[in-house]
S.K.: 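First, the structure itself, so that you have it in front of you.
In what follows, residues are counted from 1 in the order of the sequence shown.
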Amino acid sequence: STVLYGDQTYKAEPTSVFGSAPFMARETGDVTITSNTHTLCPNDGVVYDPDSLYDNSAGEYHYTAPETGYYFFFQENKVHHSDGKGQMTIWPKKNGSDSGAIEYGSTVKFQPSGGGEKDALASWTLNSTWIMSLSASDEISFWVYVYSWDAEDGTINYYSNFAGGWRVA
C-alpha cells in the first residue's frame, strides 16, 4: 500500500521490524539447582509465541531467530536457598556457547544482613535485559549459574521465572 506524504507524493508505506518475532515463556514447576553448576531454565509454559519460534520441548527451551538482526531479550529468575550466602548469574547462551554470559549476563551476590546465619532462608530475584546481534537460525537459551559459598543446592520457584524477547532491528 502507499501513503500520501506532505509533499503530495505517494510512497510505499514504511515498514519496521521492531517488535516482530516476539515470545515469552515461563516455568511451570519448581527446579532444583545444583550449586556451582550451569542450569538451563526450563521455561516450558509458553505465554506468547505467535510465530512458533520458542521450543519448549523438554531439554530444549530455546528461541530461534527467524532472520539476521538485533534482538531484545529479558530474563528473570527467583531462587530460594537454605543458606543465605552466594552468587547468582543470569547466563544466556547463544548456540550453546558460554561466551554470551560475559557480555550479556547479570550477577547478584546475596548475603543476609548481620553476617548471614547458616539457617537463614534466602530468596533473591535477578533480572536482566540485553540486545544481541543474531544471524538467522541462531538459538538463544536461558541459563542461571548459582555459586553457594557453602555448596548447598537451591530451588528456582516456578512463579517468578520467565524469559522473552523480540526483534528490534
S.K.: Measuring from atom CD1 of Ile131 to atom CZ of Phe72, what distance do you get when rounded to the nearest 0.5 angstrom?
M.R.: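 So the gap between those two atoms works out to 7.0 Å.
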
S.K.: Could you grab the distance from atom OH of Tyr71 to atom CG of Leu53, nearest 0.5 Å is fine?
M.R.: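 One finds 8.0 Å between OH of Tyr71 and CG of Leu53.
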
S.K.: Parallel under 30°, tilted from 30 to 60°, perpendicular over 60°: which one fits the rings of Phe18 and Trp166?
M.R.: perpendicular

S.K.: What closest approach, in Å, do Pro66 and Ala136 show between heavy atoms, and which atom pair accounts for it?
M.R.: O-CB, 3.9 Å

S.K.: Compare every heavy atom of Ser137 with every heavy atom of Thr64, then report the nearest pair and how far apart it is.
M.R.: CG2-CA, 3.8 Å

S.K.: With sequence neighbours left out, what residues match Ser141 under side chain to side chain donor-acceptor pair (under 3.5 Å)?
M.R.: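 Ser141: side chain to side chain donor-acceptor pair (under 3.5 Å) contacts with Trp143.
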
S.K.: Enter the distance from Asn77:CG to Asn127:CG here, rounded to the nearest 0.5 Å.
M.R.: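 If I round to the nearest 0.5 Å, the distance is 9.5 Å.
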
S.K.: What pairs meet the salt bridge (charged side-chain N to carboxylate O under 4.0 Å, His left out) rule with one or both residues in residues 37-61, with sequence neighbours excluded?
M.R.: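 As it turns out, there is no salt bridge (charged side-chain N to carboxylate O under 4.0 Å, His left out) pair with a partner in residues 37-61 once direct neighbours are skipped.
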
S.K.: CZ of Phe142 to NE2 of His62: how many Å apart, nearest 0.5 Å?
M.R.: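 Rounded to the nearest 0.5 Å, the CZ-NE2 separation comes out at 10.5 Å.
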
S.K.: Within the structure provided, determine whether Thr129 and Phe73 are in side-chain contact (heavy-atom separation under 4.5 Å).
M.R.: no

S.K.: How close do Pro50 and Pro22 get, heavy atom to heavy atom, and via which atoms?
M.R.: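 What the structure gives for the nearest pair is CD-O, 3.6 Å.
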
S.K.: Are Phe162 and Met24 side-chain neighbours, meaning at least one heavy-atom pair lies under 4.5 Å?
M.R.: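 Phe162 reaches Met24 side chain to side chain.
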
S.K.: To which residues is Tyr5 joined in a hydrophobic cluster, defined by side-chain heavy-atom contacts under 4.5 Å among Ile, Leu, Val, Met, Phe, Trp and Tyr, whether direct or through other members?
M.R.: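 So far as hydrophobic clustering goes, Tyr5 is joined with Val3.
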
S.K.: As an exercise, state the distance from CG of Asn43 to OG1 of Thr28, rounded to the nearest 0.5 Å.
M.R.: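 These two atoms lie 9.5 Å from each other.
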
S.K.: Work out which heavy atom in Gly165 is nearest to a heavy atom in Phe74; give both atom names and the distance.
M.R.: N-CE2, 3.6 Å

S.K.: Measuring from Trp130:CH2 to Ile140:CD1, what's the distance to the nearest 0.5 Å?
M.R.: 8.0 Å

S.K.: Which atom names give the shortest non-hydrogen contact between Leu134 and Ala65, and what distance separates them?
M.R.: CD1-CB, 3.8 Å

S.K.: Ignoring hydrogens and geometry, is there a side-chain-to-backbone donor-acceptor pair from Ser128 to Ile90 under 3.5 Å?
M.R.: no

S.K.: Test of understanding: with side chain to side chain donor-acceptor pair (under 3.5 Å), list the residues that count as partners of Thr9, not counting sequence neighbours.
M.R.: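 Partners of Thr9 under the side chain to side chain donor-acceptor pair (under 3.5 Å) test: Asp7.
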
S.K.: Does Glu67 have any salt bridge (Lys or Arg N to Asp or Glu O under 4.0 Å) partners at least two apart in sequence or in another chain, and if so, which?
M.R.: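 Glu67: salt bridge (Lys or Arg N to Asp or Glu O under 4.0 Å) contacts with Arg167.
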
S.K.: With ring pair (Phe, Tyr, Trp, His ring centres under 6.0 Å) as the rule and sequence neighbours excluded, what pairs involving residues 28-60 come up?
M.R.: Phe23-Tyr54, His38-Trp91, His38-Tyr145

S.K.: Given side chains that start at C-beta, do those of Val144 and Cys41 come closer than 4.5 Å, heavy atoms only?
M.R.: yes

S.K.: Treating Lys94 as the side-chain partner and Met132 as the backbone partner, does any N or O pair qualify as donor plus acceptor under 3.5 Å?
M.R.: no

